[in-house]
Amino acid sequence: MSQSVDRALSILPLLARGPAGLEQVARELDVHKSTALRLLRTLHGHGLVYRQPDQRYRLGARLFALAQEAVENLDVRAVARPRLMELNAACGHTVHLAVRQEDEVVYVDKVESRYPVRMYSRVGRPVAITVAAVAKVLLADLPEPERRALAERLDYPRHTARSTKDAAAYLAELARVREQGWATDLGGHEETINCVAAPVRGADGRAVAALSVSAPGAVAGAEELIRLVPLVRRTAEAVGAEYSGRDPGTGTRTTSPTGERH
């Protein structure tokens with residue numbers, strides 16, 4: 001029975017590459033055509049594959065419906081929470097999780113620093129989108145036309161002397177973030193606060209959230225926080241792996257579905 005299940009499931013990634021006929025499926029699975037037909041009929045009966053008029057098979061609508069339902073019922077905050085706690089325990093600094101909501105980026109979780117100096121940030125509050133590291137990570141992931149359009153309609157308040165000046169400067173920063181895979185806010189919102197962030201990627205390789213570590217300069221300077229980037233990225237990758245239902249350590253996509261590099 002387990003062999004039959006394994007063979008049936010092997011058909012799905014085959015058909016994800018495009019429609020295939022009975023002979024091709026049997027050849028790919030290295031089974032007799034009668035066995036392949038039995039497996040295809042079972043999958044067809046559950047709506048997971050569909051037989052076209054030309055007798056080739058493709059993935060069925062039920063499979064896409066199940067995938068969409070699973071995504072809608074996933075809570076990235078619930079998935080990330082244990083990892084946020086682990087990261088906080090490892091470094092001692094404030095850890096945030098943020099998501100994009102249209103033209104805003106909002107904190108959805110926070111683990112407080114173990115140090116007496118606390119940050120004012122609150123869950124549910126939008127971040128300073130033109131300077132926050134979590135915002136840079138999420139906006140850098142957007143397709144170039146959408147990224148440019150959003151950058152050009154934002155305001156650029158001068159929180160500090162290090163704040164992003166204008167749309168051109170922001171787009172240049174987002175390009176750097178997209179290339180390196182992580183972002184910083186080194187006194188851009190508050191002179192005394194530094195932050196590093198990395199993307200949490202879903203099954204399609206796109207950023208579904210951003211994870212960050214922040215600390216006052218009196219507790220950890222910019223160089224010390226930047227040394228935490230590998231740990232922050234590993235944590236974000238682990239959250240993304242669990243969120244996507246893939247094994248940790250299999251790696252994340254380095255390109256988006258459109259071929260742009262992340």
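Note that the structure is predicted; figures quoted are calculated from it, not measured. Quick note: residue numbers are just sequence positions, from 1.
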| Near Q55 CD, under 6.0 Å, is it more than 12 heavy atoms from other residues, nucleotides or ligands? | yes
| task | Give a yes or no on whether a salt bridge exists between R148 and E144, defined as a side-chain N under 4.0 angstrom from a carboxylate O. | result | yes
| field | H189 to A128 - nearest heavy-atom pair and separation | value | CD2-CB, 3.6 Å
| Chi angles and distances behind the side chain to side chain contact (heavy atoms under 4.5 Å, CB included) call for L142, L174 | CA-CA 10 Å; L142 296 175; L174 295 183; over 6 Å; no
| field | Donor-acceptor contact below 3.5 Å, side chain R114 vs main chain H93 | value | no
| field | Audit row: L15, I11, side chain to side chain contact (heavy atoms under 4.5 Å, CB included) steps and yes/no | value | CA-CA 6 Å; L15 299 185; I11 293 174; 3.8 Å; yes
| Say you draw a straight line from OG of S163 to CG of D185; how long is it, rounded to the nearest 0.5 Å? | 8.0 Å
| query | Are any side-chain N or O atoms of D109 and backbone N or O atoms of R81, one a donor and one an acceptor, separated by less than 3.5 Å? | reply | no
| query | Just how far is it from atom CG of L37 to atom CD of E23, taken to the nearest 0.5 Å? | reply | 12.0 Å
| When hydrophobic residues are tied together by side-chain contacts of less than 4.5 Å, even through go-betweens, does L59 share a cluster with L43? | yes
| remark: Looking only at heavy atoms, the pair that brings A197 and V137 closest together is O-CG2, 3.6 Å
| S244 side chain vs A203 backbone, donor-acceptor pair below 3.5 Å | yes
| field | Side chain D155, main chain P157, donor-acceptor under 3.5 Å | value | no
| said: Run the salt bridge (Lys or Arg N to Asp or Glu O under 4.0 Å) test on E146 and R100 for me, step by step, so that the C-alpha distance in whole Å, both residues' side-chain angles and the decisive distance to 0.1 Å come before the verdict. | reply: CA-CA 13 Å; E146 188 176 351; R100 180 182 172 226; 3.4 Å; yes
| request: Keeping the roles fixed (side chain from R178, backbone from A140), state whether a donor-acceptor pair exists under 3.5 Å. | output: yes
| said: Checking L211 against L87 for the side chain to side chain contact (heavy atoms under 4.5 Å, CB included) test, could you report, in this order, the C-alpha distance in whole Å, the side-chain angles of both residues, the deciding distance, and whether it holds? | reply: CA-CA 10 Å; L211 187 155; L87 179 58; 3.3 Å; yes
| query | Does a side-chain heavy-atom distance below 4.5 Å link L29 with L39? | reply | yes
| message | Show the nearest heavy-atom pair for residues V25 and A36, with the distance to one decimal. | response | CG1-CB, 4.2 Å
| field | Heavy atoms of other groups near D54 CG, more than 12 under 6.0 Å | value | yes
| task | Report yes if the side chains of R234 and P230 come closer than 4.5 Å at any heavy-atom pair, otherwise no. | result | yes
| field | Note: E173-R176 ion pair, threshold 4.0 Å (strictly below) | value | yes
| Where is the tightest heavy-atom contact between R62 and G47, given as atom of each residue plus distance? | CB-O, 3.0 Å
| Does any N or O in the side chain of T192 come within less than 3.5 Å of the main-chain N or O of G217, such that one atom is a donor and the other an acceptor? | no
| request: Could you pull out the closest heavy-atom pair between N194 and A222, with the gap in Å? | output: ND2-N, 3.5 Å
| Exam field: side chain T160 to backbone E191, donor-acceptor pair closer than 3.5 Å | no
| said: Students often mix this up, so state it plainly: with edges at 30° and 60°, are the rings of Y170 and Y156 parallel, tilted or perpendicular? | reply: perpendicular
| request: Using a strict cut-off of less than 4.0 Å between a Lys/Arg side-chain nitrogen and an Asp/Glu carboxylate oxygen, indicate whether R201 and D141 qualify as a salt bridge. | output: yes
| query | Is there side-chain contact between E86 and R83, with at least one heavy-atom pair below 4.5 Å? | reply | yes
| note | The reported gap from OG in S113 to CG in N88 (rounded to nearest 0.5 angstrom) is 7.0 Å
| query | Sub-3.5 Å donor-acceptor pair from the side chain of E104 to the main-chain atoms of V106, do we have one? | reply | no
| said: Please determine whether the number of non-hydrogen atoms from other residues, nucleotides or ligands lying under 6.0 Å from atom CZ of R58 exceeds 12. | reply: yes
| Is there a path from V123 to V105 through hydrophobic residues (I, L, V, M, F, W, Y) whose side chains come within less than 4.5 Å of each other? | no
| request: Tell me whether Y57 is reachable from L48 by hopping between hydrophobic residues (I, L, V, M, F, W, Y) whose side-chain heavy atoms are closer than 4.5 Å. | output: yes
| task | Please answer whether the main-chain N or O of L22 pairs with a side-chain N or O of K33 as donor and acceptor at a distance below 3.5 Å. | result | no
| request: In sequence, state the C-alpha distance, the side-chain angles, and the governing distance for V111 and T94, and then conclude on side chain to side chain contact (heavy atoms under 4.5 Å, CB included). | output: CA-CA 6 Å; V111 184; T94 301; over 6 Å; no
| said: Just checking E223: does its CD atom have more than 12 heavy atoms from other residues, nucleotides or ligands closer to it than 6.0 angstrom? | reply: no
| task | Report whether V131 and L139 are members of the same hydrophobic cluster (ILVMFWY, side-chain heavy atoms less than 4.5 Å apart, transitive linking). | result | no
| Does V99 belong to the same Ile/Leu/Val/Met/Phe/Trp/Tyr cluster as V239, with side-chain heavy atoms less than 4.5 Å apart forming each link? | yes
| Carboxylate-amine/guanidinium contact R153 D103, below 4.0 Å | yes
| What are the two closest non-hydrogen atoms of T35 and R7, and how far apart are they? | CG2-NH1, 4.1 Å
| message | Could you check whether any side-chain N or O of S10 sits under 3.5 Å from a backbone N or O of D6, counting only pairs where one atom can act as donor and the other as acceptor? | response | yes
| request: To the nearest 0.5 Å, tell me how far W182 CH2 sits from I226 CD1. | output: 5.0 Å
| task | Indicate the ring-plane relationship of H44 and Y50, choosing parallel, tilted or perpendicular according to the 30° and 60° boundaries. | result | parallel
| query | Measuring from T130:OG1 to R158:CZ, what's the distance to the nearest 0.5 Å? | reply | 10.0 Å
